[in-house]
Amino acid sequence: MIKLKSREEIELMRESAQLVSKTLGMLTPEIRPGVTTLYLDQLAETFIKDHRAVPGFLGLYDFPNSLCISVNEQVVHGIPNDKPLREGDIVSIDCGVLKNGYYGDHAYTFPVGEISTETNRLLEVTKESLYLGIEQISAGKRIGDVSYAIQRHTEKYGYGVVRELVGHGLGKEMHESPEVPNYGKRGRGPVIKNGLVLAVEPMINMGTRKVKQLNDGWTIVTADGRPSAHFEHNVAVVDGKADILSTFDYIEEALEKVNN
Ligand code: MG
Ligand code: MG
């Protein structure tokens, strides 16, 4: 069942989404060669708790940490560890919080130092596909319109669209109906209505769309070992239009500073 949210609930969800945005922005200057993903996880956990919120992933389905951190060929659900990041890596950080009873959940794929042109294009195209998907969100359209836009853009580059993992509704639960696949057909799927809140999250592989799960029971990796990117926003439907509750501004301002 799809739970539509009131204006008041959407404002609370904006607070949760913005706390995730700030957490990712806080982490941005820390993401550099030599740093471990466990260190990033601990920074985020402290930051979220200092803002009187609960890390949304910690303990969810028994996940052991506050962040899912997925490096290079890891698609999603990577478990933070003590292995240092290296120049040229890409690192997908997915962060969730629970604040005022509502979840925020969004993600960004960061470069570690200088990355190859080919990998940079994967990041750019995946992020573009997220916004093209969001452009399709308005009252009366269907989830399939969002899915199709993401698939069409990314497949133009020969990239693989992961099938096994999808976006979702968001609210008092981290994962609510409907599912938001990153592949699909226009005009299909649930109708988009005012009050719907979605986590839209393309997971796009440079090579094959096929994935497998590691023995840790969590980490999803590409079947061919080539890199994968993940960008996620939380989007509400207000007055018939998409209202993006999360922002990449904190991240991108911090990235500019690092690069200058
Ligand atoms: Mg997420
Ligand atoms: Mg999500």
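Whatever order the structure lists them in is the order used to number ligands and atoms, beginning at 1.
- Side-chain contact of Glu201 with His230: a donor-acceptor pair under 3.5 Å is present, judged by distance alone.
- Residue Val76 forms a side chain to side chain contact (heavy atoms under 4.5 Å, CB included) with just one option from Ile220, Val211, Val221, and that option is Ile220.
- Partners of Glu173 according to the salt bridge (charged side-chain N to carboxylate O under 4.0 Å, His left out) rule, which considers only residues two or more places apart in sequence or in another chain, do not exist here.
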Worksheet entry | Test log, rule ring-ring contact (aromatic ring centres under 6.0 Å, His included), inputs Tyr131 and His233 | CA-CA 9 Å; Tyr131 286 106; His233 265 319; 5.4 Å; yes
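- Nearest heavy atoms, Pro64 versus Ile79: CG-CG2, 3.9 Å.
- Remark: the Ser70 side chain and the Ser92 side chain contain no N/O donor-acceptor pair separated by less than 3.5 Å.
- If you run side chain to side chain contact (heavy atoms under 4.5 Å, CB included) between Ile93 and each of Ile251, Leu27, Thr23, only Leu27 comes through.
- Summary: NE2 is the N/O/S atom of His168 found nearest to the Mg ion (ligand 2).
- For the Mg ion (ligand 1), the tally of protein N/O/S atoms lying closer than 2.8 Å stands at 4.
- Residue side and main chain included, His175 places no N/O/S atom under 2.8 Å of the Mg ion (ligand 2).
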